[in-house]
Amino acid sequence: MSDCIFCKIANGEIPTDFLFEDGNVVAFRDLNPQAPTHVLIVPKAHYANIADGVPAEVLKSMTDAVEAVADAEGVRDSGFRCIMNTGAAAGQTVMHLHMHVLGGAPLGEGLLPKEA
């Protein structure tokens with residue numbers, strides 16, 4: 001999509017430092033971090049959300065990126081969250097599939113509030 005910010009980032013139209021990249025996805029730091037580690041994993045192809053017929057190889061690349069980011073950020077052993085919002089009512093603000101990887105602090109101490 002020509003007006004999608006994540007398409008532009010993922011395909012190099014907007015310069016960004018990638019923490020991970022393969023043929024299907026890129027990972028980069030969130031501009032408005034909600035935790036000490038807050039990285040977005042974004043497919044290069046446009047999918048609106050997880051329920052948009054995403055091919056298995058793209059999902060595999062996303063999980064590979066999670067592992068690489070957790071290792072690079074030093075949060076694999078301490079723990080981290082992976083969040084994928086689907087639709088505006090669920091908090092998705094950019095309508096391009098993406099996963100948030102958050103870590104570096106315990107729940108309620110900078111890693112989003114504890115759920116009730």
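Position 1 is the first residue of the sequence; numbering continues from there.
- Closest approach of Gly53 and Tyr47 over heavy atoms only: O-CE2, 4.2 Å.
- Counting heavy atoms from C-beta on, the side chains of Val101 and Leu40 never come closer than 4.5 Å.
- Looking at Thr63, its side chain never comes within 3.5 Å of a backbone N or O of Ser61 through a donor-acceptor pair.
- The hydrophobic cluster containing Val58 does not contain Phe18, counting ILVMFWY residues as joined when their side-chain heavy atoms lie under 4.5 angstrom apart, directly or transitively.
- A donor-acceptor pair under 3.5 Å links the side-chain atoms of Lys44 to the main chain of Asp22, judged by distance alone.
- Residues Thr37 and Leu102 have side chains not in contact (no heavy-atom distance under 4.5 Å, counting atoms from C-beta outward).
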Exercise for the section: Evaluate side-chain contact (heavy atoms from CB on, under 4.5 Å) for His38 paired with Asn32, printing each intermediate quantity in order. Expected result: CA-CA 8 Å; His38 189 166; Asn32 184 26; over 6 Å; no
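- Contact detail for Gly103 and Ala35: the closest heavy-atom pair is O-CB, 3.7 Å.
- For Pro43 against Ala10, the heavy-atom pair with the smallest separation is O-CB, 3.8 Å.
- Annotation: side chain of Glu67 is in contact with side chain of Arg76 (closest heavy-atom distance under 4.5 Å).
- Side-chain heavy atoms closer than 4.5 Å link hydrophobic residues (I, L, V, M, F, W, Y) into clusters, and following such links, possibly through other members, connects Phe6 to Val26.
- Side-chain contact between Met62 and Met84: present, with at least one pair of heavy atoms (C-beta onward) separated by less than 4.5 Å.
- A donor-acceptor pair is defined here as one N or O able to donate and one able to accept, closer than 3.5 Å; no such pair exists between the side chain of Glu13 and the backbone of Lys8.
- Outside the 6.0 Å centre-distance limit, the rings of His96 and His98 are not counted as a close aromatic pair.
- Distance CG/Leu31 to CZ/Arg29: 11.5 Å, rounded to 0.5 Å.
- Just one residue in the list Ile9, Leu19, Val69, Asp17 forms a side chain to side chain contact (heavy atoms under 4.5 Å, CB included) with Phe28, and that residue is Ile9.
- Side-chain N or O atoms of Glu73 include none that pairs as donor or acceptor with a backbone N or O of Val75 at under 3.5 Å.
- Nearest heavy atoms, Ala65 versus Phe20: CB-CD2, 3.4 Å.
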Exercise for the section: For Asn85 and Thr93, run side-chain contact (heavy atoms from CB on, under 4.5 Å): C-alpha distance rounded to whole Å, both residues' side-chain angles, the deciding distance at 0.1 Å, then the answer. Expected result: CA-CA 9 Å; Asn85 300 319; Thr93 57; over 6 Å; no
Practice task
Please step through side-chain contact (heavy atoms from CB on, under 4.5 Å) for the pair Leu97 and Val54, ending with a clear verdict.
Solution key: CA-CA 9 Å; Leu97 173 63; Val54 183; 3.7 Å; yes
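- Contact check for Ile14 versus Ile5: side-chain heavy atoms found under the 4.5 Å cut-off.
- Of the N and O atoms on the side chains of Thr86 and Asn49, not one donor lies less than 3.5 Å from an acceptor on the other residue.
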Problem - Chi angles and distances behind the side-chain contact (heavy atoms from CB on, under 4.5 Å) call for Val25, Val42 - result: CA-CA 5 Å; Val25 303; Val42 177; over 6 Å; no
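- The structure places CE of Met99 at 7.0 Å from CD1 of Ile50, a figure rounded to the nearest 0.5 Å.
- Heavy-atom minimum distance, Gly87 versus Met95: C-CE, 4.4 Å.
- Of all heavy-atom pairs spanning Cys7 and His46, the tightest one is SG-ND1, 3.4 Å.
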